[in-house]
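Here's the structure, in structure tokens; my notes come after.
This structure is a prediction, so every number in the text was calculated from the model and none was measured. Just so you know, residue 1 is the first one in the sequence shown, and it goes up from there. The basis for the numbers below is simple: all heavy atoms, side chains too, and nothing from hydrogens, waters or symmetry mates.
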Amino acid sequence: MIATNLAQSVDAASDINSAYDTNVKYLLADKQILSRILKYTVDEFRNMDFEDIIGCIGDDIEIGTRPVDAGLSNLGRVKGTLTEDNIPGEGMIFYDIRFTAYYSKNEMKILINIEAQRSSDSGKLGYHLENRIIFYLARMVSAQKQTEFFHSDFDNLKKVRSIWICMDHGETEDSIEEINFDRKTVFGNKKNSYSVDLMKGIIVNIRNRKNENSNNVLIAMLEELVSEKDAAEKQRILAEEYGMIMTTELEGRIQLMCNWSQSIEARALKTGMEKGIEKGIEKGIAEERVAAIGRMIRANATKAQIISYGYTEAEYMEAENALYVNV
């Protein structure tokens with residue numbers, strides 16, 4: 001269960017990078033941001049207004065801290081209660097964000113999962129992200145047994161959508177991709193009247209650096225969210241260019257994420273300096289050991305004696321070569 005308290009979400013993070021990632025997920029789970037993700041990635045919501053999409057996020061999903069301003073009580077953060085998927089014999093996985101949305105007059109359900117992915121590089125991950133997405137989709141379908149359908153009522157399966165926001169792409173690699181079933185007749189003239197639209201994975205590739213806004217509205221907005229701009233500038237852009245209402249929690253999430261980003265940069269700088277100092281110390285110790293061997297050689301100590309003091313063969317050779325050079 002995702003905690004409703006901001007302090008709990010920060011305390012749960014064991015390190016500074018983990019805390020930053022956690023706050024990105026909470027920021028993405030704000031219903032105003034979710035409404036824009038749904039509009040531009042899920043076909044059923046494409047022609048709807050943001051306010052109407054917010055209304056499609058069902059009552060079965062708990063809402064986090066509500067805005068202070070009157071009339072904005074439906075703009076808070078989504079708190080997913082089913083982020084853990086544990087099926088006996090299949091192991092346990094955790095979803096970043098998981099919720100139910102409803103569409104049409106019949107209130108048809110769509111089960112939605114959103115993942116914030118720092119890297120999509122198979123070399124770093126050790127697997128291809130597409131395979132993980134398929135696995136998540138399959139689990140979202142199989143988990144519906146005894147919850148959305150019973151026995152052999154397979155027509156009661158609900159659509160599942162897994163949306164992956166990948167943040168490590170280059171200047172010209174902003175894109176949105178879809179992974180889904182492709183039904184086709186490979187022999188004969190049979191016409192397929194039943195649409196297979198149960199599972200769909202969506203990959204939203206945003207750029208880690210950019211000189212200009214993406215031509216895609218959703219990607220441009222997400223790039224602003226994770227950009228290096230300060231909190232005040234992000235809030236201004238989201239309000240003026242993307243029509244968002246700056247609720248207390250949304251402002252707080254943006255501010256906190258910016259703070260974590262600055263802390264990460266400071267930590268990286270400090271770490272770099274510390275590593276430089278460590279290397280300098282190590283180099284000084286190594287040079288002093290070689291110099292000490294040189295002094296023992298000049299004092300007529302034998303090689304065996306010097307090695308017995310804990311020095312290495314390589315250090316002895318280096319000291320001996322240095323003496324010959326300086327003769």
Side-chain angles (χ1 to χ4, degrees), residues 6-7 9-10 13 15-41 50 54 64-65 67-69 72 75-78 96-97 114-121 163-176 202-273:
L6 178 61
S9 69
V10 175
D15 59 67
I16 195 166
N17 287 289
S18 177
Y20 176 82
D21 291 344
T22 298
N23 200 63
V24 168
K25 296 167 189 175
Y26 273 78
L27 182 56
L28 291 174
D30 185 277
K31 293 184 76 173
Q32 294 188 79
I33 294 174
L34 280 182
S35 68
R36 285 149 176 84
I37 294 175
L38 292 181
K39 181 176 179 66
Y40 296 111
T41 60
F50 298 129
I54 288 174
T65 303
V68 176
D69 296 339
L72 302 181
L75 294 177
R77 170 180 56 81
V78 167
D96 285 355
I97 305 167
I114 297 178
E115 298 288 321
Q117 189 73 14
R118 187 184 286 262
S119 176
S120 58
D121 185 345
I163 304 167
W164 293 67
I165 299 172
C166 301
M167 308 180 189
D168 61 338
H169 293 273
E171 291 287 346
T172 61
E173 295 178 322
D174 50 329
S175 60
I176 298 179
I202 299 102
I203 306 173
V204 181
N205 297 309
I206 67 176
R207 299 164 296 179
N208 54 7
R209 296 183 181 88
K210 66 185 183 72
N211 295 321
E212 58 184 22
N213 289 338
S214 171
N215 291 326
N216 181 273
V217 176
L218 174 61
I219 294 176
M221 183 205 73
L222 292 172
E223 288 179 345
E224 292 293 353
L225 280 181
V226 299
S227 71
E228 297 179 357
K229 295 174 182 175
D230 61 36
E233 179 64 6
K234 286 186 182 182
Q235 291 167 13
R236 183 193 67 78
I237 291 173
L238 292 176
E240 294 181 4
E241 297 184 15
Y242 299 99
M244 293 191 193
I245 298 172
M246 288 297 112
T247 63
T248 301
E249 184 166 6
L250 181 54
E251 286 185 350
R253 284 290 172 187
I254 294 171
Q255 181 64 61
L256 184 59
M257 192 177 72
C258 290
N259 290 345
W260 281 126
S261 180
Q262 292 169 1
S263 297
I264 290 172
E265 291 176 4
R267 175 72 63 86
L269 178 60
K270 181 180 179 181
T271 300
M273 294 175 62

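For the pair Gln117 and Asp96, the minimum side-chain heavy-atom distance is 4.5 Å or more. Using a 4.5 Å heavy-atom cutoff, the side chains of Gln32 and Thr247 are in contact. Ile219 places a side-chain heavy atom less than 4.5 Å from the side chain of Ile176. Under the 4.5 Å side-chain criterion, counting only non-hydrogen atoms from C-beta, Leu28 is in contact with Leu222. Contact check for Ile206 versus His169: no side-chain heavy atoms found under the 4.5 Å cut-off. Under the 4.5 Å side-chain criterion, counting only non-hydrogen atoms from C-beta, Met244 is not in contact with Gln235.
Residue Tyr242 comes nearest to Val217 through the heavy atom pair CE2-O, 3.9 Å, listed as atom of the first residue, atom of the second, then distance. When every heavy atom of Asp168 is checked against every heavy atom of Asp121, the shortest pair comes out as OD2-N, 3.8 Å. Across every non-hydrogen atom of Asp174 and Ser214, the tightest pair is OD2-OG, 2.7 Å. Summarising the geometry of Ile203 relative to Cys166, their closest heavy-atom pair is CG2-SG, 3.9 Å, with the distance given to 0.1 Å. Ala29 approaches Leu34 most closely through the heavy-atom pair O-CD1, 3.7 Å. Looking at every heavy atom in both residues, Ala116 comes nearest to Lys25 through CB-CG, 4.3 Å.
For the residue pair Ser120 / Asn205, no side-chain donor-acceptor distance below 3.5 Å is found, with atom types taken as modelled.
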For this session: In sequence, state the C-alpha distance, the side-chain angles, and the governing distance for Leu250 and Leu27, and then conclude on side-chain contact (heavy atoms from CB on, under 4.5 Å).
Result: CA-CA 7 Å; Leu250 181 54; Leu27 182 56; 3.5 Å; yes

For this session: Begin with the C-alpha distance, continue with both residues' side-chain angles, and end with the deciding distance and a verdict on side-chain contact (heavy atoms from CB on, under 4.5 Å) for Asn216 and Val204.
Result: CA-CA 10 Å; Asn216 181 273; Val204 181; over 6 Å; no

Exercise. What do the steps show when you test Ile163 against Ile97 for side-chain contact (heavy atoms from CB on, under 4.5 Å), and what is the final call?
Worked result: CA-CA 10 Å; Ile163 304 167; Ile97 305 167; over 6 Å; no

For this session: Take Arg118 and Met167 through the test side-chain contact (heavy atoms from CB on, under 4.5 Å) and record every step on the way to the result.
Result: CA-CA 5 Å; Arg118 187 184 286 262; Met167 308 180 189; 5.7 Å; no

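Put simply, CD on Glu251 and CD1 on Ile245 are 11.5 Å apart, with the number rounded to the nearest 0.5 Å.
Although no hydrogens or angles enter the test, the distance criterion places no donor-acceptor pair under 3.5 Å between the side chain of Glu115 and the main chain of Trp164.
The residue from Arg207, Lys234, Lys229 that alone fulfils the salt bridge (Lys or Arg N to Asp or Glu O under 4.0 Å) condition with Glu224 is Lys229.
A cation-pi contact, defined as under 6.0 Å to the ring centre and within 45° of the axis, links Arg36 to Phe50.
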